[in-house]
Amino acid sequence: MSSKKNTKKVSDSEDDDFEEEEDGSEGSEEEDSAENSVKEEEDEEDSDDNDIKEEDNGDAKIEVKDENNDDDDEEEEFKPSISGNKRKNDTPVEKSAGLVNAKQVKTSGGDAIKKPVQKQQDSDDEDDENSDIKWKYLEHHGVLFPDYWQKHNVRPRYDGKPFDLDLYQEEMATYWSQTLGTDWEHKAKYRENFSKQFLETFGSNKGKYDFDKFDFTPIKIHLDEQRELRKNRSKEEKNQEKLKKEKLSDYYAGAILDGFREKVGQFMIEPPTLFKGRGEHPKMGLMKGRIQPEAVVINIAKDAPVPKCSVPGHGWSEIVHKQDVTWLASYKDDSVKKQHKYIFLSAESKLKAENDKKKYEKARRLKNLIGSIRENYERKLKSSEPIDRQLGTATYLIDKLALRVGNEKSEEEADTVGCCSLRVEHIQVLDNFQIGFDFLGKDSMRYQNTVKVTEIVWKNMQAFTKNKKRQDDLFDRIDASSLNEYLKSQMEGLTAKVFRTYNASHTLQQELDKANEEGLDKMDLKDKLNFYDEANRNVAILCNHQKTVGKNFDVMVGKMEQRINVYKEYEKELHTHLNKCKKNGVNPYEKEVILEEKDDGKHKMFVKKFPGTKEKIQEAIEKIKKKIDEEQNKKQSKEKNKEIALGTSKTNYNDPRISVVWCKKWEVPVEKVFPKTLIAKFVWAMDTDLDWSF
DNA sequence: CGAGATACTTAGCACGACCTCC
DNA sequence: GGAGGTCGTGCTAAGTATCTCG
């Protein structure tokens, strides 16, 4: 209810005709690169804009500041107040709290405050307390659009002859050329989808052309040259560009939510390119269309200034004031598949952090109830009702194997499954109460596992496969929503994914609790971190978080082995050297041997030193032993992590408080287990008490 | 109800910044 | 100080879950 009231179009309200005016009056504006538009559209064009906005909001313009443009006090004051970079998370913007405060920030040089205050009062009041209001005040700078295509005029060949392409054709052809030499090039579907769409651009002439006769290597070569050129830019040039980028990002990343500066996440509209779906995606190779501002909906507070659209001659689709959602902007993109995209605040924002914390608290509630919940679904396993046996069995799998729930998918997507969408062909009922699983899950990652289950589960699984074809659903009486409905009856807010969070965090806690037995106190930092990685790895294995093996993994490991062998040989030689030294009292053989490990042209050197005194030799032996040890550890963890991605569980499944407490307890700096961004994301967990546990 | 819409989280990969090792 | 490797971050695809509507 409340939200509905808030979502009406700006243009509906008596004082906002923003889009109409903008659209109508600016058709002839220069229409190029977004980069230009952000920085250059200053005065002439700006004045139009301000006219409109000043009517709306008093003086509410937002400008990107350029180094050469520091003459405007208003902007000067405004900008830092909302810029993302200097933001201090827990310092309210401008001291006081809440709505009033945010407005002060926004208007710290102008008079926008007057009107909005009135606007604010006429409808919001009763909304605030009830329902799920996510914010009271929200202000941001909108979204950034990728540059329009700029023609490079490098022609492909057709039938061996240079061939002219129009603007859009060239753009498509270039995206295609980007993938020449990669795996994509050889995927039949990718080629099929692209070629069809590409030929489509010739309209009624499309029948005249044969895609196989096109040769795009000239464009490919051009792209390679461009990359080379970019790489070889001067230091200053690179620096300049970096600064520019930072400036832009500083501007767009800046938002204010309820009186606090917050960082916006991904604010750049996804640029056009060829769609690259994971796995056997039927739509791979199709052109992702260019998103125009007219497709973008902006969500801000009623009394916030309307962000400026950076594309000359264009305007937003709509300005809404939906307080029951967290997105700042959204757009529909149906070019490849029907979908909505959103611009959110970044992971480190209060809004996201709060949700994150709630997620873990919910998982902890599950932890406390898990006993009775397990009893409940175990009872269901034996129920006389087939539906209940399926619910029980599916819940068992979700709990024990951390499977995803498995929503229905359409034909237009890659064929992947989760628990409820498992088909008979995905499992094998084996001897000894074992079940074999082999299916493609999210992102077409293969889940392959053989597990011993309880007798009753085993029998159920066998029954569910009876008289069915391979392609039939294993669970034919339930789906994701009925399963979640059942879970809801067991605990408020319980859904299938909570089991994953709970099991992951619980596993991490258990693993890390083994620190005492492992004698962590006697370990050095490196070994402690190995121990942590091991725990982390167990979670990743549970959740099936995989990564593809890098193409030169074997080469890498080979090199390490070689290095270890060299070290070992050196160690042996040192021992003989030491013996000789002992016999003679003094060392007659002091020497250095320089080894060059040659490897495909490049070389690395290793110097074997044979010192002249027993003590020094002894030292050298110790040193090389340590090096061997380190190198072996490194090799081992590399092999262990060969196909396992540790990052995903760290960011999404492991309650950060577990790690924080562990770090404190064992005197490991948190920044050794969390990279910068995760520390920022998990600020809320950083001062957890030592006695806390999941 | 069921299908599509909507909102938000979870996921792997490419690439570039940074670090290390001589 | 530069090449080679590592690692973090940005990007965007692909899930989950719930809501809405005919």
Side-chain angles (χ1 to χ4, degrees), chain A residues 3-4 132 134 182-183 227 230-231 238 242 249 265-271 273 275-279 281 283-284 288 297 299 322 324-327 330 332-334 336-342 344-347 351-352 355-356 359 404-410 413-414 416-421 440-445 479-485 487-488 493-498 500-501 504 540 543-548 550 552 555-556 559-560 563 594 596-597 599-607 634 638 643-653 674-678 680:
Chain A
S3 69
K4 239 173 223 159
D132 23 26
K134 305 284 170 55
T182 71
D183 292 348
R227 176 166 336 139
R230 265 187 66 77
K231 219 172 69 190
K238 282 182 185 168
K242 203 176 153 191
S249 141
Q266 191 59 34
F267 51 77
M268 167 80 102
I269 297 288
E270 291 174 20
T273 180
F275 175 71
K276 295 175 189 71
R278 318 258 166 92
H281 202 295
K283 304 240 173 176
M284 63 170 85
K288 269 179 49 163
V297 178
N299 191 27
K322 288 161 77 74
D324 58 339
V325 296
T326 66
W327 52 265
S330 74
K332 237 163 72 144
D333 179 4
D334 295 343
V336 172
K337 49 187 165 175
K338 273 191 181 301
Q339 65 179 339
H340 278 91
K341 297 270 183 179
Y342 299 88
F344 294 109
L345 289 178
S346 72
L351 208 59
K352 291 277 188 193
N355 285 346
D356 210 29
K359 175 182 75 183
R404 296 184 186 82
V405 68
N407 280 300
E408 312 293 331
K409 295 188 74 182
S410 84
E413 299 168 274
T416 64
V417 297
C419 184
C420 293
S421 46
L440 297 182
K442 181 175 178 182
D443 291 307
S444 292
M445 302 311 285
D479 63 12
S481 28
S482 61
L483 187 121
N484 275 333
E485 214 172 293
L487 294 178
K488 287 254 162 3
L494 184 60
T495 64
K497 93 192 212 9
V498 183
R500 260 168 92 79
T501 314
C543 295
N544 197 40
H545 291 144
Q546 295 182 282
K547 64 168 195 271
T548 48
N552 43 16
V555 181
M556 213 79 257
K559 271 185 191 166
M560 290 175 113
R563 211 167 300 143
I594 297 174
E596 291 192 23
E597 309 173 10
D599 207 278
D600 56 297
K602 322 249 172 355
H603 60 276
K604 216 174 196 179
M605 295 196 312
F606 175 67
V607 184
K634 227 164 109 185
K638 201 163 187 94
E643 314 184 79
I644 299 171
L646 298 184
T648 310
S649 47
K650 234 182 224 188
T651 16
N652 299 303
Y653 288 101
F674 289 141
K676 258 206 321 285
T677 43
L678 281 191

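As the structure is a prediction and not an experimental result, all values here were calculated from the model. So you know, we letter chains A, B, ... as the sequences are listed, proteins then strands, and number each from 1. In what follows, every heavy atom counts, from backbone to side chain, and hydrogens, waters and symmetry copies are set aside.
Counting any heavy atom pair closer than 4.0 Å across all strands shown, A/Lys332 reaches no nucleic acid atom. Nucleic acid contact class of A/Asp356 (heavy atoms, under 4.0 Å, all strands): none. Among the atoms of the strands shown, only primed sugar atoms or phosphate atoms (P, OP1, OP2) are found under 4.0 Å from some heavy atom of A/Lys488. Across all strands, A/Lys638 comes closer than 4.0 Å only to sugar-phosphate atoms, never to a base (heavy-atom distances). A/Thr651 comes within 4.0 angstrom of nothing in the nucleic acid, heavy atoms only.
Put simply, A/His340 has a side-chain N or O that comes within less than 4.0 Å of OP1 or OP2 on B/dT6. For A/Lys352, a side-chain nitrogen or oxygen approaches OP1 or OP2 of B/dT9 to under 4.0 Å. Contact check, A/Thr326 against B/dC8: a side-chain N or O comes under 4.0 Å of OP1 or OP2. At B/dA7, one or more side-chain N or O atoms of A/Lys322 fall inside 4.0 Å of OP1 or OP2 (strictly under the cut-off). Distances shown here put every side-chain N or O of A/Arg563 at or beyond 4.0 Å from the OP1 or OP2 atom of C/dG5. OP1 and OP2 of B/dT9 both lie 4.0 Å or more from every side-chain N or O belonging to A/Tyr342.
Nearest to the side chain of A/Trp327, among B/dA7, B/dA11, C/dT9, sits B/dA7.
Taking atom CG on A/Leu646 and atom P on C/dT6, their separation rounds to 15 Å, with Å as the unit. Rounded to whole Å, the distance from CZ on A/Phe344 to P on B/dT9 is 7 Å.
Between the side chains of A/Asp479 and A/Ser482, at least one donor-acceptor pair of N or O atoms lies under 3.5 Å.
In this view, A/Gln339 satisfies the side-chain hydrogen bond (donor to acceptor under 3.5 Å, both in side chains) rule with no residue, not counting sequence neighbours.
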Contact string for nucleotides 10-16 of chain C, one letter per nucleotide 5' to 3', B = base within protein heavy-atom range under 4.0 Å, S = sugar-phosphate only, - = neither, reads SSBSBSB
